[in-house]
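Each remark here refers to the structure printed beneath this line.
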Amino acid sequence: MDYRRTYLKDLLTGKPGTLVEAYGWVKTRRDSKGVSFVQLNDGSIFTDLQVVIPAGTINDDDLKKVTTGSSVKFDGELVESPGSGQSVELLAKAVTIYGEADPATYPLQKKGASFEFLREIAHLRVRGNTFGAVMRVRNRAAYAVHSFFQDRGFNWIHTPVITASDCEGAGAMFAVTTSMEPVETAEGTRFKLTSDDPAEDFFGKPAYLTVSGQLNVETQCLGLTNVYTFGPTFRAENSNTPRHLAEFWMIEPEMAFCDITGDMNLAEEFVRSIIKDILTHCEPDLAFFDQRIEKGLIETLTHVADSDFERVTYTEAIDMLTKSGESFEFPVSWGCDLQSEHERWLTEKHIKRPTIVTDYPQEIKAFYMYANEDGKTVRAMDVLVPRIGELIGGSQREDRLDVLEAKIKANDLPLEAYWWYLDLRRYGSVPHAGFGLGFERLVMYLTGMKNIRDVIPFHRSSGQAEF
RNA sequence: UGCCGCAUAGCUCAGCGGUAGAGCAGCUGACUGUUAAUCAGCGGGUCGUAGGUUCGAAUCCUACUGCGGCAGCCA
């Protein structure tokens with residue numbers, strides 16, 4: 001056996017008359033008196049290979065082991081299929097059983113199971129239609145992300161996963177420590193603190209899992225010009241929504257000699273470019289999502305790939321919301337943060353396509369965002385898309401030393417902790433901008449999947465770390 | 001974390017105070033090519049956990065656990 005062999009993806013377009021081997025897992029088997037049909041899949045493509053087994057071709061004992069979930073190899077001949085639903089099929093001559101799957105206990109079945117149930121068997125769900133398709137799209141999207149940036153001269157930067165500064169932002173963080181030991185007791189595992197002094201801990205100071213690589217990547221930006229991160233990110237927020245994870249993958253481009261307009265252009269070009277890539281390279285998977293998960297998905301994606309995003313300022317957005325005549329749970333007024341219901345109305349009901357909102361009030365955005373001349377707003381931008389809400393959050397960064405120092409103080413943050421971040425403004429400061437994009441949210445957008453826990457192989461969220 | 005809802009067969013659900021049900025899956029058989037195959041038969045349940053009310057609880061009440069929806073936090 002060797003990885004260099006023909007996969008089902010290629011067999012499905014193979015020439016009738018060819019003798020082939022087909023490895024994979026059995027989806028279903030259907031028996032008639034004179035013939036059995038097996039749907040075989042190896043994950044290389046959405047479409048199953050239909051294997052035809054005329055009665056007597058293989059012995060009954062082996063045929064009985066060809067059940068849903070079992071792993072097998074069929075030797076046979078590719079033939080034109082007389083049935084509808086496939087152009088070629090495999091006329092089996094012999095079978096090799098690698099792993100049986102007891103039909104009485106194997107949890108996956110032909111008919112659809114709920115996503116909630118499949119989450120409990122996340123180690124097996126990738127063998128089903130939906131999760132195989134999700135993982136192929138996820139893979140292709142990751143590849144497309146790198147291609148997009150590499151093609152434009154961006155350098156991939158590996159920012160630290162462990163950070164020893166607790167000044168990254170408002171997000172709750174996971175502590176990283178060796179000062180805590182598990183102790184086995186009659187009640188089960190308990191933790192014992194070996195020291196409560198961070199000075200005695202591994203890093204000599206409090207350490208956490210990163211909530212964002214942005215501050216770090218800005219340093220690399222001011223030297224390499226165009227950079228991006230693509231890696232795991234952690235938030236200890238006790239969020240319980242279909243669009244939050246405790247561990248997720250974030251993409252953060254950062255560009256020197258670039259302002260908020262350039263930032264918006266990149267964000268828009270990025271999203272549209274990834275969509276185009278997926279539309280071209282994941283056709284069978286998208287067809288499935290379009291049919292079974294989100295009706296009209298392909299049409300929506302095609303439309304988004306070909307049309308400009310709407311761009312409005314926060315002030316204009318507030319105006320639209322005020323004049324909408326909608327009764328919102330949270331009243332709208334200038335200065336308030338846009339609630340989910342407001343964002344959804346804007347992008348789903350009113351504008352009906354991806355929308356970039358810019359120039360938010362300073363009070364509701366992070367300290368490092370560039371202050372506008374009006375003294376009230378900052379050069380922030382959020383990209384809102386139907387069904388997902390906020391897909392991207394970004395800004396032009398504050399590059400003026402005095403303004404940045406004043407804002408750090410105004411936010412009651414410790415100036416000395418930001419010494420290296422301020423150095424960037426002290427030495428060779430330039431206008432620069434970037435954004436953060438949640439990779440899983442992008443995959444949700446591409447697939448039509450409704451819950452972020454279903455677009456990552458093993459999700460991590462509050463109370464959930466199985467597998 | 002707050003509010004609301006749900007928890008019954010392997011899965012999806014019905015039953016809502018009086019002896020536990022269906023469809024699908026599984027098993028057995030039938031059927032000359034099916035593709036969510038079809039048809040017939042069979043097996044399958046401490047009704048999430050712990051208390052409480054009642055002659056009697058899957059059903060009513062309380063707590064806990066898990067899951068989902070919405071909200072907050074954000075990507």
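Per chain, numbering begins at 1; letters A, B, ... match sequence-line order.
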Can you identify which nucleotide, out of [options], has its nearest atom closest to the [X] side chain?
X	options	result
A:Phe248	B:rG33, B:rA25, B:rA75	B:rA75
A:Ala113	B:rU32, B:rA75, B:rC11	B:rC11
A:Asn240	B:rG33, B:rA71, B:rA75	B:rA71
A:Arg235	B:rG33, B:rU35, B:rA75	B:rA75
A:Glu237	B:rC73, B:rU35, B:rA75	B:rC73
A:Gln339	B:rC31, B:rG33, B:rA71	B:rA71
A:Ser84	B:rG68, B:rU35, B:rG26	B:rU35
A:Ser32	B:rA75, B:rG33, B:rG68	B:rG33
A:Thr28	B:rC27, B:rA37, B:rC11	B:rA37
A:Asp337	B:rG68, B:rU34, B:rC73	B:rC73

For [X] and [Y], which I'm curious about, is there any donor-acceptor pair between the side chains at under 3.5 Å?
X	Y	answer
A:Asp359	A:Asn372	yes
A:Arg29	A:Gln39	no
A:Glu100	A:Ser70	no

What is the distance, to the nearest angstrom, from the CD atom on A:Gln50 to the C1' atom on B:rA36?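 In whole Å, B:rA36 C1' and A:Gln50 CD are 14 Å from each other.
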A:Asp382 CG - B:rC73 C1' separation (whole Å):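 About 14 Å, once rounded to whole Å.
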Counting any heavy atom closer than 4.0 Å, what does [X] reach on the DNA or RNA strands: base, sugar-phosphate only, or nothing?
X	answer
A:Pro107	nothing
A:Gly83	base
A:Ile392	sugar-phosphate
A:Glu247	nothing
A:Arg29	nothing
A:Asp31	base
A:Leu391	sugar-phosphate
A:Pro242	sugar-phosphate

When the [atom1] atoms of [N] and [M] are considered, how many whole Å apart are they?
N	M	atom1	answer
B:rG45	B:rG15	C1'	14 Å
B:rA14	B:rA22	C1'	7 Å
B:rA36	B:rG21	C1'	24 Å
B:rA9	B:rG48	P	8 Å
B:rA75	B:rU62	C1'	40 Å
B:rA58	B:rU19	P	11 Å
B:rC6	B:rU49	C1'	16 Å
B:rG10	B:rA25	C1'	7 Å

Donor-acceptor pair under 3.5 Å: do we get one between A:Arg453's side chain and the base of B:rC67?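 Under the 3.5 Å cut-off, the side chain and the base do not form any donor-acceptor pair.
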How are the rings of [X] and [Y] set relative to one another: parallel (under 30°), tilted (30 to 60°) or perpendicular (over 60°)?
X	Y	value
A:Phe154	A:Phe149	tilted
A:Phe288	A:Phe46	tilted
A:Tyr360	A:Tyr314	tilted
A:Phe467	A:Phe458	tilted

Working to the nearest 0.5 Å, report the span between CZ of A:Arg119 and CD of A:Gln464.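 The CD atom of A:Gln464 is 9.5 Å from CZ of A:Arg119, to the nearest 0.5 Å.
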If the cut-off is 4.0 Å, is A:Ser239 near the phosphate of B:rC73, judged by side-chain N/O to OP1 or OP2?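 No, no such contact exists.
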Looking at A:Ser340, I'd like to know whether one of its side-chain N or O atoms comes within less than 4.0 Å of OP1 or OP2 on B:rG72.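 Yes, within the criterion.
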For the pair A:Phe439 and A:Phe230, evaluate ring pair (Phe, Tyr, Trp, His ring centres under 6.0 Å) and give the outcome as yes or no after the intermediate values. CA-CA 9 Å; A:Phe439 183 58; A:Phe230 187 1; 5.1 Å; yes
Hey, which sits more toward the 5' end of RNA chain B by its nearest nucleotide, A:Gln39 or A:Thr68?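 Closer to the 5' end of RNA chain B: A:Thr68.
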Earlier contact from the 5' end, RNA chain B, for A:Arg30 and A:Gly463: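 Its nucleotide being nearer the 5' end, the pick is A:Arg30.
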Cationic N near anionic O, under 4.0 Å, A:Asp382 to A:Lys365: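 Result for this pair is yes, salt bridge flagged.
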Before accepting this row, confirm whether a basic side-chain N of the pair A:Arg152/A:Glu269 lies closer than 4.0 Å to the acidic partner's carboxylate O.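 A salt bridge is present here (some side-chain N lies under 4.0 Å from a carboxylate O).
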So does A:Asp259 get a backbone contact from the side chain of A:Arg379, meaning a donor-acceptor N/O pair under 3.5 Å?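 No; judged by distance alone, with no hydrogens or angles, the pair does not exist.
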Verify stack between A:Phe37 ring and B:rG33 base, 5.5 Å, 30 degrees: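 Here the ring of A:Phe37 and the base of B:rG33 are not stacked, as the 5.5 Å and 30° limits are not both satisfied.
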According to the Watson-Crick and G-U wobble definition with distances under 3.5 Å, which dot-bracket string, read 5' to 3', encodes RNA chain B, using [ ] for crossing pairs and | for pairs with another strand? (((((((..((((....[..)))).(((((.......))))).....(((((..]....))))))))))))....
Any residue of residues 114-129 of chain A with a heavy atom less than 4.0 Å from an atom of RNA chain B: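 Listed by number, they are A:Ser114, A:Glu116, A:Phe117, A:Arg119.
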